[in-house]
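Keep in mind the model is a prediction, meaning the values are calculated, not measured. Each chain gets a letter, A, B and so on, in the order its sequence line appears, and its residues count up from 1.
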2 protein chains.
Amino acid sequence: MAGAGASGPRHTMADVARRAGVSTATVSRALTRPDQVSPKTRELVHEIAEELGFRPNLIGRQLRAQAANSLLILVQDLENPFYAELIKGAEYVARERQFSVVVGGTDGLEDVERLYAEQYLGRRVDGLILLTGHLPAGLSRKMAEQGPVVLVSEDNPELALCAVLVDNVGWAAQAVAHLHALGHRRIAHLCGPMARIISRERREGYRRALSQAGLPADPALEAPGDFSFETGRRATRALLALPDPPTAIFCANDESALGAIRAAQQVGLDVPRDLSVIGFDDTMLAEISDPPLTTIRQPRQQMGAVAAEMVIDMLENGPGQCARRILDCELVERSTVAAPAAKS
Amino acid sequence: MAGAGASGPRHTMADVARRAGVSTATVSRALTRPDQVSPKTRELVHEIAEELGFRPNLIGRQLRAQAANSLLILVQDLENPFYAELIKGAEYVARERQFSVVVGGTDGLEDVERLYAEQYLGRRVDGLILLTGHLPAGLSRKMAEQGPVVLVSEDNPELALCAVLVDNVGWAAQAVAHLHALGHRRIAHLCGPMARIISRERREGYRRALSQAGLPADPALEAPGDFSFETGRRATRALLALPDPPTAIFCANDESALGAIRAAQQVGLDVPRDLSVIGFDDTMLAEISDPPLTTIRQPRQQMGAVAAEMVIDMLENGPGQCARRILDCELVERSTVAAPAAKS
DNA sequence: GCGTAAAATGTAATCGATTGCATACGGGAT
DNA sequence: ATCCCGTATGCAATCGATTACATTTTACGC
């Protein structure tokens, strides 16, 4: 049985070297540069290493190599399923390239951000992927410029860092244009939290589409929200109670769109017959929704993957120029959008 | 402005020492053991460190300390929202205790597991939290015994490792007993994937509750499933087409419970009037469900937190005895369970 | 058998922070 | 002035792997 090696105390290269009657240099080479060592010694070393269950201490290696081979992904909210797939994409690429991934959920707390910044400044991770839209507290712009940092999903024009984004304005406009093309004239927007740039961008797209369609901008149709189901439900209830209620709602994300659908159903309206709803993101929720949600799909996994690519490329080929990649979205038509009912 | 320090090349302790005219030993002590150094030198060193923007290289520190101060959490499926909260709980505790967390999604792939095992064996992380129910490939039992490893959520009796669990059998039985108490006599079970221990445990609880209630075990009422919405929907459709269909279904998790609800609604049944449904986990989906799902709540965040506690305690106080913590669940009553309709 | 180049191996420095031990300094008591 | 002790500091080893450079061995041609 070519077992995985003995247990007991961990062995170092020196142990292997002693047992094999060679120097640590030879052991190192035998294991990492097999061609630089005679076949006989190579096999001897491998055998002994196996027998001892030797595993190179990665920290020693990292110190010497001056590289941790790992990335830090900073997220506001770990529980948001939107991020999970992004992380997955990044992790996949990282793995391919022999990097590991540290995930940090900050919950928006400065202290926590500062803590993670320390990991970066302390060289424990060598690249940073930010899904938070801003630099973590304790990390100045200058410091960010020193190492690879990539913003994902949420832009920050002030920072001018590398970024992987989608055209939120454009696709929000597209969503609204889709509703308009079907005949909707009273189109509402359920906003995201205004503190976040993506929310402002999506609202901007909404406004732009309205104006391009020659529709009046009615502030009453812009409902404040925060991406949550419950707020979406309440805001929609208010919209539907308007004297001249909307026939369609473009929601800033999927979760709040489900809230909108629920609100409609609760007052006896049918979706999509009486109210069309369109979301943004295409998370798992969109499929589970009843009826299934029409939404804008962001290529989440790809976004994570590209971000990891960028960071690792910068690490390997020097900083290079600061690229901004804009990835394509897609309008996924399911069953919450239809032409408006004829005026009664 | 007491800025965050200059940028430019990174400085080491030796740089600070030279500038301050002291030895690196003094710098180290000034920064980490302020009381062992005269106030004058201490301030001088702090000043210079600040001025240079010095940050200790954590890898150097780790090598010397022989500890990475970090935990690895291994998950099958990062996208499953169930795990996100667990990770969050673990991360919170880890942070409190000055540990960082590496998250690995294995997707059940052996190669990936092996890769992460290497991180552990290579001492790049010093503890392991497994949400996968088994040791990663490449990690023998003996090796696991050498360092702190904790199983969470999914037990593995063969391994006899530390674990943080819930009583799946007991709470599944509780769920079924709840249905029985309301008068249900035809109670079905929508199973999880049988490869997973938690699925078998929940089915076991289902069977036990039936037998305790004196109800016959009808194999036709045990529908195979895989935790997914779609499979849940299909399996439920089949159940409802039975000559003597169930009046209630206990589902192995929330997502498949939503599928069950949808199936019922699609054939014109009302939940809970015509069919009661109860889930397991109490994920976000339970609240979003329509009607809101009655389910068994697992204390996910706490589970993660306790697991991290255990690992770090073992790290700090030696292996200690191999504890198994069983945490309490809770039956969350929402709106998918009611007494069965009177026989027509 | 000798010379020479190539291949194999060894020696020791290196990465950066920490720390046991040794030394130097200062102050108080006798 | 002497001795002692406590505080502050420096020296140098240490953690484990890697690698530039030096040295030894091997192989081959003549």
Side-chain angles (χ1 to χ4, degrees), chain A residues 9-46 48-49 52-70 98 118-126, chain B residues 9-46 48-49 52-70 98 118-126 147 315:
Chain A
R10 293 288 172 78
H11 298 283
T12 77
M13 246 174 194
D15 296 327
V16 179
R18 197 170 329 111
R19 277 277 246 282
V22 299
S23 73
T24 61
T26 301
V27 174
S28 176
R29 284 188 284 247
L31 296 173
T32 60
R33 291 184 166 39
D35 49 308
Q36 285 188 17
V37 129
S38 80
K40 200 160 51 129
T41 347
R42 187 196 314 152
E43 269 174 42
L44 175 64
V45 168
H46 273 106
I48 302 213
L52 257 44
F54 165 77
R55 306 287 160 155
N57 181 313
L58 298 177
I59 300 199
R61 185 180 280 180
Q62 284 170 15
L63 178 59
R64 171 68 216 224
Q66 295 283 60
N69 269 254
S70 96
Q98 320 272 12
E118 212 55 42
Q119 301 279 322
Y120 178 66
L121 295 172
R123 298 210 156 297
R124 186 143 142 197
V125 295
D126 18 38
Chain B
R10 292 289 171 79
H11 298 284
T12 77
M13 245 173 194
D15 296 327
V16 179
R18 198 171 328 112
R19 278 277 248 279
V22 298
S23 74
T24 61
T26 300
V27 175
S28 176
R29 285 189 283 247
L31 296 173
T32 61
R33 289 185 167 36
D35 49 308
Q36 285 187 16
V37 129
S38 79
K40 199 159 52 130
T41 345
R42 188 196 316 152
E43 270 175 40
L44 174 63
V45 169
H46 273 105
I48 301 213
L52 256 43
F54 166 76
R55 304 288 159 155
N57 181 316
L58 298 177
I59 301 200
R61 183 180 282 179
Q62 285 170 14
L63 177 59
R64 171 67 215 225
Q66 295 284 58
N69 270 253
S70 97
Q98 320 271 14
E118 211 55 40
Q119 302 278 322
Y120 178 66
L121 296 171
R123 299 208 156 298
R124 190 150 136 187
V125 296
D126 18 39
L315 241 19

Base, sugar-phosphate or nothing for A:Arg64? Non-hydrogen atoms, less than 4.0 Å. base

For A:Arg124 and B:Ala68, indicate whether the former's side chain and the latter's backbone hold a donor-acceptor pair under 3.5 Å. yes

Rounded to the nearest 0.5 angstrom, the CD-CG distance for A:Gln62 and B:Asn57 is 10.0 Å

With heavy atoms under 4.0 Å as the rule, sort A:Ser23 into base, sugar-phosphate or nothing. base

Checking all strands, does A:Val22 fall into the base, sugar-phosphate, or nothing category for heavy-atom contacts under 4.0 angstrom? sugar-phosphate

On DNA chain D, check which nucleotide each of B:Asp35 and A:Gly60 is closest to and give me the residue with the more 5' one. B:Asp35

Could you tell me the separation between the CD1 atom of B:Ile59 and the P atom of D:dT18, rounded to a whole number of Å? 14 Å

Base D:dG10 to side chain B:Arg29, donor-acceptor N/O within 3.5 Å cut-off: yes

Atom pair distance, as rounded to whole Å: NZ in B:Lys40 and C1' in C:dG26: 13 Å

Given DNA chain C, 5'-ward residue of the pair A:Arg42 and A:Ala65, judged by closest heavy atom: A:Arg42

Value in whole Å for how far the P atom of C:dA17 lies from CE of B:Met13: 5 Å

Among D:dT18, D:dA8, C:dG10, the one nearest B:Thr41 by side-chain distance: D:dA8

From C:dG16, D:dT19, C:dA8, pick the nucleotide closest to the side chain of A:Arg33? D:dT19

Whole Å only: how far is the CZ atom of A:Arg18 from the C1' atom of C:dT11? 17 Å

Upstream residue (5' side of DNA chain D) when A:Thr26 and B:Thr24 are each assigned their closest nucleotide: B:Thr24

When rounded to the nearest 0.5 angstrom, what is the spacing between CE in A:Met13 and OG in A:Ser23? 10.0 Å

B:Thr32 side chain: which of D:dG10, D:dT18, C:dT18 is closest? C:dT18

Figure out the CD/C1' separation between B:Gln36 and C:dC21, and round it to whole Å. 14 Å

Checking contacts here: which listed nucleotide (C:dA12, D:dA17, C:dT18) is nearest the side-chain heavy atoms of A:Asn57? D:dA17

d(A:Arg18 CZ, A:Asp15 CG) to nearest 0.5 Å is 5.0 Å

Distance (rounded to the nearest 0.5 Å) between A:Arg10 CZ and A:Arg55 CZ: 9.0 Å

Nearest-Å distance for atom pair CZ/P, residues B:Arg61 and D:dG16: 18 Å

Using a heavy-atom cut-off of under 4.0 Å over every strand shown, decide if B:Gly122 touches base, sugar-phosphate, or nothing. nothing

Considering only heavy side-chain atoms of A:Gln66, the closest of C:dA17, C:dC15, D:dG16 is C:dC15

Mind calculating the distance between CZ (B:Arg124) and P (D:dA17) to the nearest angstrom? 15 Å

Between C:dA17, D:dT18, C:dT18, which nucleotide has the shortest distance from any of its atoms to the side chain of B:Thr12? C:dA17

Check this for me: A:Arg42, atom CZ, are more than 12 non-hydrogen atoms of other residues, nucleotides or ligands nearer than 6.0 Å? yes

Can you tell me how far P of C:dA17 sits from CG of A:Leu121, to the nearest Å? 13 Å

